[in-house]
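What follows is a single structure, written as structure tokens, with notes after it.
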Number of protein chains: 2
Amino acid sequence: MFNDSISTAALRRLPLYLQYLLEIRPGKHEFVSAARMATALGIHHTLVRQDLDVVGAKGFPKKGHPLEETIAAIETYFQWNSRPSAFILGAGNLARVLIGYRQFDRAGVDLLAAFDQDSRKVGTSIFGIEVLSVTKFVDLVRRMHVAIVILTLPPSAAEESVKLITESGVAAVWNFMPATLQFPDRVVVENVNLFAGLSILKKKLTESLNRKEPANEHGNGST
Amino acid sequence: MFNDSISTAALRRLPLYLQYLLEIRPGKHEFVSAARMATALGIHHTLVRQDLDVVGAKGFPKKGHPLEETIAAIETYFQWNSRPSAFILGAGNLARVLIGYRQFDRAGVDLLAAFDQDSRKVGTSIFGIEVLSVTKFVDLVRRMHVAIVILTLPPSAAEESVKLITESGVAAVWNFMPATLQFPDRVVVENVNLFAGLSILKKKLTESLNRKEPANEHGNGST
DNA sequence: TAGATTGTTAATCGATTAACAATC
DNA sequence: TAGATTGTTAATCGATTAACAATC
């Protein structure tokens with residue numbers, strides 16, 4: 001059904017295509033060209049075509065890609081083959097942001113519950129996701145066959161988090177904690193560094209200013 | 001002073017080195033080897049050496065890299081050459097997370113204030129950062145020569161955000177909003193997609209399960 | 001000295017872009 | 001038909017890994 005291999009780079013772009021297509025859906029057009037998507041998203045048009053091909057979203061010469069079918073193709077791609085369950089460990093502000101965007105379903109992941117140490121949070125719910133006591137975490141991961149844990153605790157809870165993850169035997173961790181965590185080798189980890197983009201932005205900014213006013217030429221080699 | 005060119009990939013790794021070094025600082029060792037950093041962070045050891053070289057952090061054969069000097073080298077690298085001011089547009093949960101991590105200073109950016117439409121938030125402060133009315137935003141960007149705006153408003157505010165950014169004439173946008181925004185060409189943009197990592201994690205998870213139990217062989221070509 | 005570790009250059013790999021053929 | 005657009009293959013580019021020399 002799908003072109004069987006996909007690069008991680010493509011995997012990052014697919015949600016952007018989907019987002020863009022959903023945004024223009026209310027419009028009157030039934031088809032969208034790869035070139036138009038490319039321009040809107042700042043991605044090379046050939047790359048857009050290659051990526052859409054991977055998820056099996058066929059286009060038509062002279063017309064473009066059918067909007068609805070392309071949306072369906074991308075959504076199906078993410079749902080396809082597996083739909084793991086997830087818990088979110090830490091019911092703070094970041095958990096609130098992630099749950100609020102409601103993209104778990106679209107990414108093909110079932111978010112079942114949140115966990116927190118704070119007894120004031122336990123029993124409440126965040127956009128329909130219940131907050132449970134962290135004492136139930138290990139047991140529930142096992143009993144409910146939860147595959148993914150999303151770590152949104154503060155860095156001070158690093159040690160405790162590694163212990164909980166390891167004991168629970170969960171297979172994969174999506175880590176937002178700004179700390180260097182050492183999990184057992186069997187655990188699949190994807191680290192998210194919220195601040196990584198800032199230094200890249202600063203670099204781009206400096207470059208763009210240098211391009212406009214190449215004045216300051218007193219001996220620093222920054223580009 | 002610094003090796004003058006740096007790849008964006010290296011720029012993403014530097015904060016990880018810094019984080020790791022700060023974590024082990026309380027320990028007894030004065031030196032740390034590239035190999036040890038590499039193992040802890042899951043990065044190739046040669047790459048660690050190349051990256052440290054870029055920021056001018058010298059190492060010593062047989063000893064390794066001096067902990068304090070290496071920390072100082074990375075911090076100096078980010079501070080060096082420019083220290084732009086920033087506003088954060090949107091004083092919600094995500095703003096709270098970003099401000100709470102206190103990494104702006106370390107990244108060489110001065111966060112001056114937050115802005116929100118909600119009059120209940122105006123006048124409050126988030127970890128010492130004042131929340132001002134969004135009506136003052138455009139004027140203050142200009143008067144205070146703010147270079148970077150951090151967009152943490154919900155996607156429903158997409159149109160309004162583009163208007164504010166464009167009117168203010170700010171040079172760079174660090175965008176956390178899950179929406180396809182079209183800024184004037186002169187604006188430097190770095191988009192952060194909070195959910196991008198989830199599909200990559202799902203892919204890694206599927207691959208690791210396939211490796212362990214290559215049972216399910218009924219005709220799907222996923223790898 | 002021998003060995004551990006850095007630092008540098010070359011080879012490989014993966015991802016993007018360019019060129020162009022296919023098609024409606 | 002001519003032209004717009006897709007789809008595919010080849011060329012280029014950038015980033016990672018491997019090989020190895022330098023050094024304390």
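Excluded from the calculations below are hydrogen atoms, water molecules and symmetry mates; all remaining heavy atoms, backbone and side chain alike, are included. By convention in this document, chain letters (A, B, ...) are assigned in the order of the sequence lines, proteins followed by strands, and residues within each chain are numbered from 1. None of these values were measured; they are calculated from a predicted model.
- Between A/L181 and A/L151 the shortest side-chain heavy-atom distance falls below 4.5 Å.
- What separates NE2 of A/H45 from C1' of D/dG7 is a distance of 12 Å, to the nearest Å.
- In this structure, B/L47 places its CG atom 16 Å from P of D/dA19, rounding to the nearest Å.
- Contact annotation: A/H65 side-chain N/O to D/dG7 OP1/OP2 distance is under 4.0 Å.
- Contact between the side-chain N/O atoms of B/R36 and the OP1/OP2 oxygens of C/dA4 is not found at any separation under 4.0 Å.
- How far OG1 of B/T70 is from NE2 of B/H65: 6.5 Å, rounded to the nearest 0.5 Å.
- The base-pairing partner of C/dG14, taking Watson-Crick or G-U wobble contacts with both distances under 3.5 Å, is D/dC13.
- In this structure, A/Q50 atom CD and C/dC20 atom C1' are separated by 14 Å, rounded to whole Å.
- Remark: B/R49 is not in phosphate contact with C/dG7, judged by side-chain N or O atoms under 4.0 Å from OP1 or OP2.
- Contact annotation for A/T46: base contact, defined as any heavy-atom pair under 4.0 Å involving a base atom.
- Looking at heavy-atom distances under 4.0 Å, B/A10 makes no contact with the nucleic acid at all.
- Across all strands, A/R13 comes closer than 4.0 Å only to sugar-phosphate atoms, never to a base (heavy-atom distances).
- Across the protein-nucleic acid pair, B/L11 atom CG and D/dT16 atom P stand 12 Å apart, rounded to whole Å.
- A distance of 10.0 Å separates CG in A/L47 from CG in A/L52, rounded to the nearest 0.5 Å.
- Distance CG (B/D53) to C1' (C/dG7): 7 Å, rounded to an integer number of Å.
- With distances taken from any side-chain atom of A/S7 to the nucleotides C/dT5, C/dA15, D/dA15, the minimum falls on C/dA15.
- For the pair B/F104 and B/L98, the minimum side-chain heavy-atom distance is below 4.5 Å.
- With a cut-off of 3.5 Å on both Watson-Crick or G-U wobble distances, the partner of C/dT8 is given as D/dA19.
- Nucleotide C/dC24 forms a Watson-Crick or G-U wobble pair with D/dG3, both donor-acceptor distances falling under 3.5 Å.
- Across the interface with DNA chain C, nearest-nucleotide mapping of B/L52 and A/A9 shows B/L52 to be the residue nearer the 5′ end.
- Taking every side-chain heavy atom of B/K62 into account, D/dC24 is the closest of C/dA15, C/dT17, D/dC24.
- In this structure, A/D51 places its CG atom 11 Å from C1' of C/dA15, rounding to the nearest Å.
- Taking atom NE2 on A/H44 and atom P on D/dG7, their separation rounds to 16 Å, with Å as the unit.
- Taking atom NZ of residue A/K58 and atom C1' of nucleotide D/dT5, one finds them 14 Å apart after rounding to whole Å.
- Note that the CD atom of A/E190 and the OG1 atom of A/T8 stand 8.5 Å from one another [nearest 0.5 Å].
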